[in-house]
2 protein chains.
Amino acid sequence: MTVTHDMIRRLSRYKTVLKRLKSLGFVKVFSDNLGDALGISASLVRKDFASFGITGNKRGGYQVEALLVKLYEILGKNCSQQIIVVGCGKIGTALIDYNNFKQDGIKVVAGFDVASDIITTEGPAPIYDISELEEFIRREQIQIAILAVPESAAAHTADTLIHAGIKGILNFAPIQLKGPSNCIIRNINIRMEIEHLFCLIHFQEKDEAINE
Amino acid sequence: MTVTHDMIRRLSRYKTVLKRLKSLGFVKVFSDNLGDALGISASLVRKDFASFGITGNKRGGYQVEALLVKLYEILGKNCSQQIIVVGCGKIGTALIDYNNFKQDGIKVVAGFDVASDIITTEGPAPIYDISELEEFIRREQIQIAILAVPESAAAHTADTLIHAGIKGILNFAPIQLKGPSNCIIRNINIRMEIEHLFCLIHFQEKDEAINE
DNA sequence: TAGATTGTTAATCGATTAACAATC
DNA sequence: TAGATTGTTAATCGATTAACAATC
């Protein structure tokens, strides 16, 4: 089976909705409900579940609890999800301090930087010198790194990470990185997102002008 | 014509590539080159350009300079692209200080926060009390805001922004916001991005196990 | 049983690519 | 002219939705 990006995004969103339903005391849920919550068809919900071998009851829908357990498993929530942050400038440290992952089992265990004056063992996670990066990744078997270095350092830092065995990189540097087949890179480009918005607004205004 | 998200993302990437080509002294470029650079077919490049009324020469490709001018226009680079940051915690201030937009004409002109002790006129952009938000948006005709408030404040702050006339929101709060038809919201959910990576790795490992 | 919802197949839709005539 | 590249139409591909038999 091929797992698409959109599929995974939906799985993540099902999980969020189901967690809320569970906290409300819901025991079962129908594909119809989940479809409404995500703004997609019930067919797609059922198809997604079928793809991952999740089955429901012909008339009773899906058990919320069992569904969550399955989703946790698929999303890898049974393993420890330890990540590191490479580049501890403003954005890097913000991400280290950002503790919104914790409730979902994701933990930033260390930061790394070239500036020796910010090395510290204080704070939510220790910050080490970049020279310790490779050994740390190997020793702690870190799979995922957030890359928050300046553009000029992005490409070679990514190479270092990949060489050390990192399997996934979330890249905040403003450059489109492409990884080898054994490392998945997701690029978050804030400048592009803002341009995207300006462009959409631009067209919306045009369309309105036409409609009038 | 309908402008899709993917289309805009490609326009943005064409622009990046073309800027680099220009700095290298390139005068013309073929759809084939751009396709290679973006990892798409030459057909799609030509189709994109056709959609926006950009024409080339039957044998001479496209003029780099003219193409850039057109793209700037489409991406709204002729208007001043002033944005604000609402919520000046760690991530908010990091974005205010982040000056990577500047070279692309995007400028953060103010920050807003509820905490009165961080109000300041120092730094790259002044930080005002949230009570001044609506008036500022109206007076300065701000179109786009970055939302970086805590999850609990996200929904009602977004409502305030929309009410004040904001046309686009880049949301960093970990909650999927949905806007009305006159305001476009793009959600950046870092937790989901990391889960996404873990999930992909998970499946890659499985697939490898099967192939062996 | 009657009614409702799943699981799955067929239909639809949209985006991308291939192909090729037009033409510089 | 011959060769190369655009602009555009047709073909393909993949993702989503509609439909419906199976069945609880």
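Chain identifiers are assigned alphabetically (A, B, ...) following the order of the sequence lines, protein sequences preceding nucleic acid strands; residue numbering begins at 1 within each chain.
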Inset, instruction - Please work out which of the three classes, parallel, tilted or perpendicular, describes the rings of Phe136(A) and Phe112(A), given edges at 30° and 60°. - result: perpendicular

Inset, instruction - Tell me which of Tyr62(A) and Gly39(B) sits closer to the 5' end of DNA chain C, going by the nucleotide each one is nearest to. - result: Tyr62(A)

Legend entry - Atom-to-atom span, CG of Leu38(B) to C1' of dT16(C) - whole angstrom: 14 Å

Legend entry - Euclidean distance, atom CD1 of residue Ile40(A) to atom P of dA18(D) [Å, nearest integer]: 12 Å

Legend entry - OP1 or OP2 of dT6(C) under 4.0 Å from side-chain N/O of Arg46(A): yes

Inset, instruction - Would you indicate, yes or no, if dT6(C) has its OP1 or OP2 atom less than 4.0 angstrom from a side-chain nitrogen or oxygen of Ser31(A)? - result: yes

Inset, instruction - Remember a base hit wins even if backbone is also touched, and classify Phe49(A) as base, sugar-phosphate or nothing at under 4.0 Å, heavy atoms. - result: nothing

Inset, instruction - State whether Ser41(A) places a side-chain N or O below 4.0 Å from either non-bridging phosphate oxygen (OP1 or OP2) of dT17(D). - result: yes

Inset, instruction - Please tell me which of Ala50(A) and Gly60(A) maps to the more 5' nucleotide of DNA chain C, matching each residue to the nucleotide holding its nearest heavy atom. - result: Gly60(A)

Inset, instruction - Can you tell me the distance, in whole Å, between the CZ atom of Arg59(B) and the P atom of dC20(C)? - result: 21 Å

Legend entry - Asp113(B) side-chain N/O to Cys88(B) backbone N/O, donor-acceptor pair under 3.5 Å: yes

Legend entry - Donor-acceptor contact present, side-chain Ser23(A) to main-chain Arg20(A), <3.5 Å: yes

Legend entry - Atom pair distance, as rounded to whole Å: CZ in Phe30(B) and C1' in dG7(D): 16 Å

Inset, instruction - Report the distance from atom NZ of Lys47(A) to atom P of dT8(C), rounded to the nearest whole Å. - result: 10 Å

Legend entry - Stretch residues 2-16 of chain B: residues that reach within less than 4.0 Å of DNA chain C through a heavy atom: Thr4(B), Asp6(B), Arg10(B)

Legend entry - Where His202(B) and Glu73(A) come nearest, the two heavy atoms and their spacing: CE1-O, 3.0 Å

Legend entry - 5' precedence on DNA chain D between Asn57(A) and Leu44(A) (nearest-nucleotide basis): Leu44(A)

Legend entry - Ser43(B) side chain, from C-beta outward: closest of dA18(C), dA4(C), dA10(D): dA18(C)

Inset, instruction - Rounded to the nearest 0.5 Å, what's the gap from CD1 on Ile137(A) to CD on Glu135(A)? Could you check? - result: 11.0 Å

Inset, instruction - Give a yes or no on this: more than 12 heavy atoms of other residues, nucleotides or ligands lie within 6.0 Å of atom CD of Gln141(A). - result: no

Legend entry - Results of ring pair (Phe, Tyr, Trp, His ring centres under 6.0 Å) for His163(B) - residues two or more places apart only: none

Legend entry - Proximity to DNA chain C (any heavy atom under 4.0 Å), residues of residues 66-74 of chain B only: none

Inset, instruction - Kindly compute the distance separating CG (Asp48(A)) from OG (Ser31(A)), expressed to the nearest 0.5 Å. - result: 11.0 Å

Legend entry - Working for side chain to side chain contact (heavy atoms under 4.5 Å, CB included), residues Phe101(B) and Ile190(A): CA-CA 8 Å; Phe101(B) 314 136; Ile190(A) 300 167; 3.7 Å; yes

Legend entry - Who pairs with dT23(D) - Watson-Crick or G-U, where each distance is under 3.5 Å: dA4(C)

Legend entry - Nucleotide paired to dT9(D) in any strand shown, Watson-Crick or G-U, under 3.5 Å: dA18(C)

Inset, instruction - Calculate the interatomic distance between Gln63(A) atom CD and dT5(C) atom P; express it in whole Å. - result: 14 Å

Inset, instruction - Could you state the atom-to-atom distance from CG of Asp32(B) to P of dT17(C) in whole Å? - result: 13 Å

Inset, instruction - May I ask you to verify whether the side chain of Lys58(B) and the base of dT23(C) hold a donor-acceptor pair under 3.5 Å? - result: no

Inset, instruction - Please determine if Lys19(A) and Asp104(A) form a salt bridge, counting it only when a charged side-chain N lies under 4.0 Å from a carboxylate O. - result: yes

Inset, instruction - Can you tell me the distance, in whole Å, between the CG atom of Asp48(B) and the C1' atom of dT17(C)? - result: 13 Å

